[in-house]
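From a predicted model like this one, the values you see are computed outputs, not experimental measurements.
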Amino acid sequence: MNWGVNIQLKPDPSYFKGDKRPVEGVSWHCAVEFCDRLTTHTKRQYRLPSEAEWEYTCRAGTTTPFHFGETITTDVANYNGTEDEEYQLSSSCGQGSKDIYRKETTVVGSFGIANAFGLYDMHGNVFEWCADHWHENYEGAPTDGGAWIEPVSDNHNGDRLMRGGTWIGSKDICRCAYRLGNWSRHLGFHIGFRVVCAGAV
């Protein structure tokens, strides 16, 4: 059955194969297309989270840099824990065990640590697209938790926002508050997405 809505999608875009690994190698546009198709197929509204929704669900009521506390190690999340002076990477954020670099995605939930909302892998593994356009700060951001969308113009190039950190990046980018803009058509084997179900269509 053809559920195509706007653009063609690769049936298996991920570089790292495995039914229980996160999907990666998807642009922001591909992630939105998937949500549109899922909505059409299920008759329930699926979409990307806003940046505010993403951080709220990541923190799950906590105020620490990571939902499980002040520090992170590769015992609890998948990121590049290599000590590398060139890239200014150190073995852990705060005190902890010696970290490693797996050089690939890991099976979702394999560390066995969910946040208070029951969500796994909010730190590391793959960056996750948000619905928002990229803004360098929060000046003028919506106050209702909705996505911050603006028309593309000379002052705004249409870049989108990612959250969560990645297996290829350092521990610092795995923090709840870390945010990064990227070209919306970028396809990276470190970029995936997480969906929100907003109810019946």
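Between Thr166 and Ile173, the closest side-chain pair of non-hydrogen atoms falls below 4.5 Å. Looking at Thr57 and Met122, their side chains come closer than 4.5 Å, going by heavy atoms from C-beta outward. Within the 4.5 Å cutoff, no side-chain heavy atoms of Cys130 are placed close to those of Arg160. No side-chain heavy atom of Glu33 sits under 4.5 Å from any side-chain heavy atom of Gln8.
Checking each of Asp19, Val126, Asp121 against Val108 for a side chain to side chain contact (heavy atoms under 4.5 Å, CB included) leaves exactly one that passes, namely Asp121. When each of Tyr79, Phe127, Phe189 is checked for a ring pair (Phe, Tyr, Trp, His ring centres under 6.0 Å) with Trp167, only Phe189 meets the rule.
In this structure, His135 and His133 have perpendicular ring planes: the angle between them is above 60°, well past the 30° mark.
Within 6.0 Å of atom CZ in Phe16, more than 12 heavy atoms from other residues, nucleotides or ligands are found, so the atom counts as buried in its surroundings.
Aromatic ring centres of Phe34 and Phe193 lie closer together than 6.0 Å.
Taken together through direct or relayed side-chain contacts under 4.5 Å among Ile, Leu, Val, Met, Phe, Trp and Tyr, Tyr56 and Leu119 form part of one hydrophobic cluster. By the criterion of side-chain heavy atoms lying less than 4.5 angstrom apart, applied directly or through intervening Ile, Leu, Val, Met, Phe, Trp or Tyr residues, Tyr101 is grouped together with Tyr15 in one hydrophobic cluster.
Ion pairing of Glu53 with Arg47 is present here, as a side-chain N (NZ or NE/NH1/NH2) and a carboxylate O approach within less than 4.0 Å. A salt bridge links Glu128 with Arg194: at least one charged nitrogen is closer than 4.0 Å to a carboxylate oxygen. Salt-bridge annotation for Lys17 and Asp12: present, with a side-chain N of the basic residue lying under 4.0 Å from a carboxylate O of the acidic one.
Between the side chains of Glu55 and Tyr178, no donor-acceptor pair is found at a separation under 3.5 Å. Counting only N and O atoms by type, the side chains of His29 and Ser184 include a donor and acceptor under 3.5 Å apart.
The main-chain N or O of Ser170 is never found under 3.5 Å from a side-chain atom of Asn80 such that the two would form a donor-acceptor pair. The closest donor-acceptor contact from the side chain of Thr105 to the backbone of Arg21 lies at 3.5 Å or more, if one exists at all. Side chain of Arg179 to main chain of Glu51: no donor-acceptor pair is present (N/O by atom type, distance under 3.5 Å, no hydrogens or angles).
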